Amino acid sequence: MLILGIESSCDETAAAVVQDGQRVLSNVISSQIRLHTAYGGVIPELAAREHLKNIRPVVQTALQEAGTPLEKLDGIAVTSHPGLIPALLVGNAFAKGLAATANIPLVGVNHFLGHLYGTFLERAEILQDPQAYPILGMVVSGGHTALVLLPEDGRAKILGTTLDDAAGEALDKAAKILGLGYPGGPVIDRMAATGNPGRYNFPRGLVGAAGKPVPPEHKYDFSFSGVKTALLYQVKDRTLADAELHDVVASYQAAVMDVLVTKAMAAARDTGARTLCLCGGVACNSHLRALLQERCRKARLPLLLAQPKYCTDNAAMIAGAGTHFLAKGRRDPLDMPVSARLPQDLGVIPFARLASL
Ligand code: KG4
Ligand code: ZN
């Protein structure tokens, strides 16, 4: 199956062609980062205008690079939720226009599931291995921080999510406080490499530290607002020397990543997960990848780290996930709505080994 994926939920206009949910024939991304840097975050209306400018050339390039004419496509998968409504609307309108004029099946894909599928691009055979299940996915991006358990029948369960900021948001906001630019994750990753992560003890949210027991209902939930506030007070009205700044950044990153790893390992242990996968933009983080690798090696838990190019927003992951919906017969109508929200019930995840929709 040849599927065109389209992604416009935030600040990347992206299109990709993926064969059989596995081979990425093209993966084109036009990033708007520079446009939003001046504001320290994404402005939805600006993002939408930029998507409008870029969507046509990005899709055309993806089709050309893949050597796939429109009439060869078996389907179009577009991110329909969650995301910024003005931004989503552009990708969805374009996808629907193409689907209608070329008479191609259309499917709307949950961006969160797209990130999860990003782990399996170019190694989708793992999904066919009964030994891999249940799979525990940790999706960490600018918009999401969640642990999701994927059993063989695809009836996934979200075990926990963030109660306030997403992990990537915590990094982006820290970078804004420290005047490091947008997005914060990559620059924090770089600066932390030469800082001392043990110099400052930033609070770890919802892990039961400092004598504060975690309420059982929040066992797998996350909270990053406390660490952000602690940073704010740490640096308030002060000019940091360069070495101190690196230490602050390294200590802050360590606090955020520590929580992610602690929660993922606890959830894996409690659920008997047989594979852990890490995906989403924050999964690019070198400290997080190394820490998780070390912990999983000790726990003898197979770990799948999404390739960095499939961690941050891209359309290959949307095409890949969409392939499985289309293969299982789902078709969405041309009046399919977009939505800003992530549904609590993810429904049946079609790429699980025994899933039937
Ligand atoms: O998945 P993504 O591209 O978009 C969303 O769906 O949100 O993730 C973007 C997030 C941003 O918060 C960015 O700071 C973070 O991923 N990020 C990183 C790194 N690269 C991107 N965070 C930590 N370390 C990185 N190397
Ligand atoms: Zn994303």
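Position 1 is the first residue of the sequence, and the numbers go up from there. Order of appearance sets the numbers: ligands from 1, and atoms from 1 within every ligand. Model, not experiment: these values are computed from the prediction.
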With sequence neighbours left out, the residues meeting salt bridge (charged side-chain N to carboxylate O under 4.0 Å, His left out) with Asp270 are Lys219

Q: May I ask you to decide whether Glu45 forms a salt bridge with Arg49, counting only side-chain N to carboxylate O separations under 4.0 Å?
A: no

query: Cut-off 3.5 Å, side chains only: do Ser30 and Gln32 have a donor facing an acceptor?
result: no

Does a salt bridge link Glu294 with Arg297, judged by any charged N lying under 4.0 Å from a carboxylate O?
no

Excluding water, the protein N, O or S atoms sitting under 2.8 Å from the Zn ion (ligand 2) are His111 NE2, His115 NE2, Asp313 OD1

Cut-off 3.5 Å, side chains only: do Asp313 and His115 have a donor facing an acceptor? yes

request  = Describe, in one word, how the ring planes of Phe120 and Phe351 are oriented to each other, choosing from parallel (under 30°), tilted (30 to 60°) and perpendicular (over 60°).
outcome  = tilted

The answer, listing residues by chain and number that come under 4.0 Å of ligand 1 through any heavy atom, is His111, His115, Ser141, Gly142, Gly143, Gly168, Leu171, Asp172, Pro183, Gly184, Gly185, Pro186, Asp189, Gly281, Val282, Cys284, Asn285, Cys311, Thr312, Asp313

**Asked** If you measure only the distance, is there a donor-acceptor pair under 3.5 Å linking the side chains of Glu122 and Tyr310?
**Response** yes

**Message:** Is it true that, when you exclude Arg330 itself, more than 12 heavy atoms of the residues, nucleotides or ligands shown sit nearer than 6.0 Å to its CZ?
**Reply:** yes

Across all chains, not counting sequence neighbours, the salt bridge (charged side-chain N to carboxylate O under 4.0 Å, His left out) partners of Lys228 are Asp165

